[in-house]
Amino acid sequence: MPQETSTILYHHKIKNGYHKIGLSCDLSYAEASAGQFVTLKARGHLDPLLRRPFSIHRIIKDKNKVSGLEILYRVVGGFTERLSEMAPNETIDLLGPLGHGFTLTAGLKKPVLVAGGIGVAPIVFLAESLGEQGIDLSGVPVFLGGKTVSDILCEKDFSERGMSVNITTEDGSCGQKGMITEPLAVYLATHKPDIIYSCGPQGLLHAVADIAAAHQIRCEVSIETIMACGLGVCMGCAVKTKDYSDGYRHICKDGPVFDASVVVF
Ligand SMILES: Cc1cc2nc3c(=O)[nH]c(=O)nc-3n(C[C@H](O)[C@H](O)[C@H](O)COP(=O)(O)OP(=O)(O)OC[C@H]3O[C@@H](n4cnc5c(N)ncnc54)[C@H](O)[C@@H]3O)c2cc1C
Ligand code: FES
């Protein structure tokens with residue numbers, strides 16, 4: 001897990017408040033899996049003191065050799081505001097890849113992908129990995145939800161792979177009006193996928209986990225939380241689970257991806 005000084009390769013604003021940044025990285029990221037994350041810290045700045053976690057959105061390859069990684073992020077506070085002002089060729093402190101990603105089981109044929117808002121960041125990497133594993137993505141459903149149209153991201157990354165994109169916004173400004181779980185429930189009434197993969201706010205993950213359990217479908221959720229050390233030392237990211245003797249696991253070390261059936265939401 002290398003800690004390195006990374007150079008910003010490119011930096012684009014893709015929508016109001018959302019940016020994509022390309023960062024140089026160690027060749028070992030070739031082994032990174034979808035759902036793993038990195039932590040970033042501005043070099044020479046004490047504020048914020050703690051490193052900030054971001055999912056790997058994409059591994060950038062040049063002739064099959066890793067040349068960087070991409071992060072998709074939303075500006076919400078001090079660090080992400082500072083990050084949004086950084087320019088190509090500036091450097092930043094990068095640590096990763098960290099945590100455990102989604103499980104890509106052999107023989108998997110019918111996955112369903114569910115992402116709420118910025119939770120789509122690792123789901124694009126996941127779709128790419130499923131495709132690389134030889135899974136036929138044509139018609140595979142991805143459910144994207146957000147409060148409003150500006151929270152709907154990366155539709156093209158899925159539609160270009162032939163996936164069936166279902167969009168829901170709470171205010172109806174894009175796609176179907178309502179909650180993302182509504183079209184998911186309709187889909188599951190007539191289809192039996194092998195697994196549901198999901199990332200987004202905890203309320204969404206809880207709802208998706210309940211629906212998956214009701215249909216007896218395996219489900220993996222990537223939980224985002226506020227982290228302190230990011231290395232399994234401080235218990236700042238504890239999640240209550242059913243399978244550990246003390247009842248808690250670390251999101252940064254044991255996750256962020258968990259089998260939904262062990263998580264106590
Ligand atoms: C495993 C993991 C992967 C993540 N991947 C991404 C990603 O790919 N793209 C992305 O944009 N963000 C991602 N996040 C969230 C990201 O880490 C935070 O948005 C970031 O740390 C905020 O830092 P800040 O200094 O800008 O904001 P702060 O000043 O620290 O916080 C601003 C506001 O956002 C809230 N907040 C901070 N972190 C979170 C969080 N994780 N969930 C909900 N609310 C939060 C705070 O309570 C506060 O109200 C991820 C988090 C985790 C744990
Ligand atoms: S953030 Fe410190 S243990 Fe996870």
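Computed from heavy atoms alone, side chains included, the values below leave out hydrogens, waters and symmetry copies. When a ligand or atom number is given, it counts from 1 through the structure's own listing order. Numbers for residues simply follow the sequence, beginning at 1.
- When each atom of ligand 1 is checked for a heavy atom of A121 under 4.0 Å away, the hits are 8 (O).
- The shortest N or O to N or O distance between F54 and ligand 1 is not below 3.5 Å.
- Considering backbone and side-chain N/O atoms, F37 never comes within less than 3.5 Å of an N/O atom of ligand 1.
- The residue from I118, L98, T80 that puts a heavy atom closest to atom 26 (O) of ligand 1 is T80.
- Every N/O-N/O distance between Y73 and ligand 1 stays at or above 3.5 Å.
- Below 3.5 Å of separation, one finds no N or O of E81 facing any N or O of ligand 1.
- Close N/O approach between L72 and ligand 1 is found [any backbone or side-chain N/O within under 3.5 Å].
- The structure places CG of L130 at 11.0 Å from CZ of F125, a figure rounded to the nearest 0.5 Å.
- Atom-to-atom distance recorded for E155:CD and N166:CG is 12.0 Å, nearest 0.5 angstrom.
- The distance from atom CD1 of I251 to atom CD1 of I223, rounded to the nearest 0.5 Å, is 5.0 Å.
- Transitive grouping of hydrophobic side chains (ILVMFWY, heavy atoms separated by less than 4.5 Å) brings L72 and L113 into a common cluster.
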| task | Report the C-alpha separation of H11 and H19 in whole Å, then their side-chain angles, then the decisive distance to 0.1 Å, and conclude whether the ring-ring contact (aromatic ring centres under 6.0 Å, His included) test is met. | result | CA-CA 7 Å; H11 201 175; H19 299 248; 5.6 Å; yes
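- Looking only at protein N/O/S atoms, the ones less than 2.8 Å from atom 4 (Fe) of ligand 2 make 2 in total.
- Atoms of ligand 1 found under 4.0 Å from any heavy atom of M227, numbered from 1 in the order shown, are 1 (C), 53 (C).
- Which of V120, L40, I56, V76 comes nearest to atom 32 (C) of ligand 1 through a heavy atom is settled by distance: it is V76.
- One distance of note links CG of L69 with OG of S24; it measures 8.5 Å at 0.5 Å rounding.
- For the atom pair SG (C237) and CD (E224), the distance works out to 13.0 Å, reported to the nearest 0.5 Å.
- Proximity of I226 to ligand 1 is established by a heavy-atom distance of less than 4.0 Å.
- Considering only heavy atoms from C-beta on, H57 comes within 4.5 Å of C154 through its side chain.
- Among all heavy-atom pairs drawn from T103 and R218, the shortest one is CB-NH2, 3.8 Å.
- With rounding to the nearest 0.5 angstrom, the CG atom of L126 is 13.0 Å from the CD1 atom of I56.
- A heavy-atom distance below 4.5 Å is found between the side chains of Y18 and I118.
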